[in-house]
Amino acid sequence: MKKLNFKEQLKSLYLPYDDNTLRRFEFYMKGVLDWNKKINLTAITDEDEFVEKHYIDSLKIAKLGLIKPGCKVIDIGTGGGFPGVPLAIAYPKTEFVLVDSLKKRLKVIDELCGNVGINNVSTVHGRAEDLGRNFEYRENFDCCVSRAVANLSTLCEYCLPMVKQGGYFIAYKTDAAKVEIKNAEKAVRILGGGDVEIISSDHEDIDHCFVKIKKVKITPNVYPRKPGTPSKQPL
Ligand code: SAM
């Protein structure tokens, strides 16, 4: 792990860190790379690339200033814990709920977080379409984040129901998102979203951006539709 470069990146994002923070980042990365030999968690096997593409990419959301101490964030389709785990390490006073439909990935996250004292993460096994109809999750989060899970229209149906009125859904996307946004206009409106903003992630080598959508109205009861429908028939 190129510690110097990573520390510089944390500083440039105004994310405070101490030895314990750095130890957690290192432990989690080594744990994921180790588990990756047994179950598929990430295509990345090199530590420097891991830092760049999983850690820095996940943490770039800091510049939006939406994640705050005391708030609740849900990560839909977290896979090996991205962006949820790096965010939980960087924001120890924020609560993170990490959702995935594949249980074995969540078990790795639970084990690694437990072993290195990342106490502000809980995992939930299930499909976003089911959890979005459960009032333990529905309209219950200040922010919902999601990276590399579905097209924006489908993703809005997974994510916007989870967000409280006044909260935000932030999708990690590539610069090709402009086309997706056009196709998702109807979904955003129907599901209670307001204006859609694209914010460049200013990543040196990766053309990533954030799509930020404010929740302005509660989501109508009929959404999300049953599992599979949002991806087969996007709004
Ligand atoms: N977000 C992680 C990242 O950026 O590395 C993982 C991305 S991976 C390509 C997509 C993940 O979304 C998979 O782990 C998959 O199981 C999960 N997923 C896809 N559809 C889902 C759904 N409807 N509900 C919950 N999880 C879902």
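When a ligand or atom number is given, it counts from 1 through the structure's own listing order. A quick note: this is a predicted structure, and the numbers were derived from the prediction, not measured. We use all heavy atoms of the structure for the numbers below, so side chains are in, but hydrogens, waters and symmetry mates are not.
- In terms of protein heavy-atom proximity, atom 23 (N) of ligand 1 is closest to E129 OE1, 3.0 Å.
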Check against side-chain contact (heavy atoms from CB on, under 4.5 Å), D57 and H208: CA-CA 8 Å; D57 190 55; H208 278 186; 2.8 Å; yes

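- With hydrophobic clusters built from ILVMFWY side chains whose heavy atoms lie under 4.5 angstrom apart, L10 shares a cluster with I89.
- For atom 17 (C) of ligand 1, the closest heavy atom belonging to the protein is D100 OD2, 3.3 Å.
- The protein non-hydrogen atom at the shortest distance from atom 24 (N) of ligand 1 is A128 N, 2.9 Å.
- Annotation: A148 places no N or O atom under 3.5 Å from an N or O atom of ligand 1; distance criterion only.
- For the ligand labelled ligand 1, residue S58 lies outside the 4.0 Å heavy-atom shell.
- Looking at H54 next to ligand 1, no N or O pair under 3.5 Å apart turns up.
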Y158 vs F169, ring-ring contact (aromatic ring centres under 6.0 Å, His included): CA-CA, chis, key distance, verdict: CA-CA 10 Å; Y158 292 167; F169 161 43; 9.8 Å; no

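- Ring centroids of Y28 and F50 are separated by 6.0 Å or more, keeping the two rings apart.
- Close contacts between ligand 1 and G79 involve ligand atoms 6 (C), 14 (O) [criterion: under 4.0 Å to a heavy atom].
- Taking any N or O of F82, backbone or side chain, at least one lies under 3.5 Å from an N or O belonging to ligand 1.
- In the displayed structure, K72 atom NZ is contacted under 6.0 Å by more than 12 heavy atoms of other residues, nucleotides or ligands.
- Atom 4 (O) of ligand 1 has its closest protein heavy atom at R147 NE, 2.6 Å.
- For the pair R133 and D130, the salt-bridge criterion is not met [side-chain N within less than 4.0 Å of a carboxylate O].
- Considering only heavy atoms from C-beta on, E180 stays 4.5 Å or farther from S153 through its side chain.
- Protein heavy atom closest to atom 13 (C) of ligand 1, with residue, atom name and distance, is R105 NH1, 3.4 Å.
- The structure places CD of E95 at 7.0 Å from CZ of F141, a figure rounded to the nearest 0.5 Å.
- Given atom 19 (C) of ligand 1, the protein heavy atom at minimum distance is V149 CG1, 3.9 Å.
- Residue Y158 touches ligand 1 through its side chain alone, judged by heavy-atom distances below 4.0 Å.
- For atom 26 (N) of ligand 1, the closest heavy atom belonging to the protein is S101 N, 3.3 Å.
- The aromatic rings of F6 and F25 lie perpendicular to each other, with more than 60° between the two planes, well past the 30° mark.
- Here the heavy atom of the protein found nearest to atom 12 (O) of ligand 1 is G77 CA, 3.3 Å.
- Here I76 has no heavy atoms under 4.0 Å from ligand 1, in either its backbone or its side chain.
- By the 6.0 Å contact criterion, CG on D195 is open, its count of non-hydrogen atoms from other residues, nucleotides or ligands being 12 or less.
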